[in-house]
Amino acid sequence: MPMWLQALMWGTLAGGALVLGAGIAWLWKVPPKIVSTVMAFGAGVLISALAFELVDEAVQGGGLIPTILGFLLGALIFVGSNVLLARAGAKHRKRSSGPQPSEKDSPGSGTAIAIGALIDGIPESVVLGVGLLAGGAVSPAMLAAVFISNVPEGLSSTAGMKRAGRSPAYVFGTWIGIAVFSGLAALIGFTALENAPETVIAFITAIAAGGILAMLADTMIPEAFEEHHNLTGLTAAVGFLSAFTIHHVGG
């Protein structure tokens, strides 16, 4: 199978986990504590993956300075975008039981929530494509991290959308669209950087890593802690060790 097609396939598969989570939340009422448990686990998995799969490899491939600059830029881009989206009504886009606004209460919030969910997923998808450049195959740890974290994200956000009275067309249209864009982002990450210098690849990889960490701190971890409280740290630690084990065995 051509490498570009693998990038598209793996990115779409990882994004498809959002649709899976959305379907579960739409059909069944999942207890918030279960959602927060999976979300805390997914946060730990992503932290491990970005540390060992992204930042470490970026430093080894392109050097410390491009990695530092890219990481800071990624965090700044995400935080800045998140501030703007929060003002437009997307502050609680990952909340399953919190005050996610309806379109009537906050006109335009539906669009903001969809854009926010897309921004959350783009960095993860890009690095799946970029990862193919270095190893010739998708990283099992990174793929598992993105997939595991996307299920509770789709589940939690959809539960909030359902409570806010959003239609099935909006909910599933949003997640299916994001899954498609995730595949395209992975494809672009692969094709655009196929012949790029290692310093550029390291810089782009670090941008994604910084954005992912900022996303975890601003959205996933607070949502997990809101319901899970004292067990959030332990669950995240188990997720971290699980991803580290996959990385170690796979490497």
Side-chain angles (χ1 to χ4, degrees), residues 1 3 5-21 24 34-62 67 71 74 120-156 179 182-183 185-187 189-190 201-202 204-217 219-221 223-224 228 231-251:
M1 183 184 295
M3 297 293 287
L5 186 56
Q6 289 188 45
L8 178 64
M9 179 185 70
W10 292 123
T12 305
L13 175 64
L18 293 164
V19 183
L20 174 62
I24 293 171
I34 292 180
V35 178
S36 63
T37 299
V38 181
M39 191 164 283
F41 182 85
V45 168
L46 270 181
I47 291 172
S48 177
L50 72 88
F52 296 106
E53 297 288 329
L54 301 183
V55 176
D56 186 56
E57 291 186 7
V59 170
Q60 292 183 21
T67 302
F71 194 90
D120 292 344
I122 284 177
E124 303 166 354
S125 303
V126 168
V127 296
L128 288 175
V130 174
L132 288 168
L133 296 172
V138 71
S139 164
M142 194 64 214
L143 179 62
V146 176
F147 192 92
I148 291 171
S149 65
N150 276 349
V151 171
E153 179 179 345
L155 200 159
S156 180
S182 296
L187 174 61
F190 175 80
I201 294 175
I204 299 299
T205 301
I207 288 177
I212 291 170
L213 184 60
M215 180 271 291
L216 290 171
T219 58
M220 283 186 70
I221 293 175
E223 162 66 8
H228 210 43
L231 291 179
T232 301
L234 177 61
T235 307
V238 173
F240 182 96
L241 287 175
S242 299
F244 175 75
T245 301
I246 294 173
H247 168 81
H248 184 72
V249 173

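Annotation for Gly62 and Ala202: closest pair CA-CB, 3.6 Å, computed over non-hydrogen atoms. Considering all non-hydrogen atoms of both residues, Gly16 and Ala179 come closest at N-CB, 3.9 Å. The two residues Ala14 and Asn150 come nearest to each other via the heavy atoms O-ND2, 2.9 Å. Between Trp10 and Leu128, the closest heavy-atom pair is O-CD1, 4.0 Å. Contact between Val127 and Ala208 at its shortest, heavy atoms only, is CG1-CB, 3.2 Å.
Taking Ser242 as the reference, Phe41, Val238 meet the side-chain contact (heavy atoms from CB on, under 4.5 Å) condition, with sequence neighbours excluded. With sequence neighbours excluded, the residues forming a side-chain contact (heavy atoms from CB on, under 4.5 Å) with Thr205 are Leu54, Ala58, Val130, Ile201, listed by chain and number. Listed by chain and number, the residues in a side-chain contact (heavy atoms from CB on, under 4.5 Å) with Ile122 are Leu118, Val126 (sequence neighbours excluded). With sequence neighbours excluded, the residues forming a side-chain contact (heavy atoms from CB on, under 4.5 Å) with Leu5 are Met1, Pro2, Leu8, listed by chain and number. Under the rule for a side chain to side chain donor-acceptor pair (under 3.5 Å), Ser149 has no partner lying at least two apart in sequence or in another chain.
With values rounded to the nearest 0.5 angstrom, Ile148 atom CD1 is found 13.5 Å from Met39 atom CE. For the atom pair CG (Leu132) and CE (Met142), the distance works out to 12.0 Å, reported to the nearest 0.5 Å.
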Kindly list each side-chain donor-acceptor pair under 3.5 angstrom involving residues 43-53, sequence neighbours excluded, with atom names and distances?
from	atom 1	to	atom 2	distance (Å)
Ser48	OG	Phe240	O	3.2
Ser48	OG	Phe244	N	3.3
Glu53	OE1	Ser139	OG	2.7
Glu53	OE2	His247	ND1	2.3

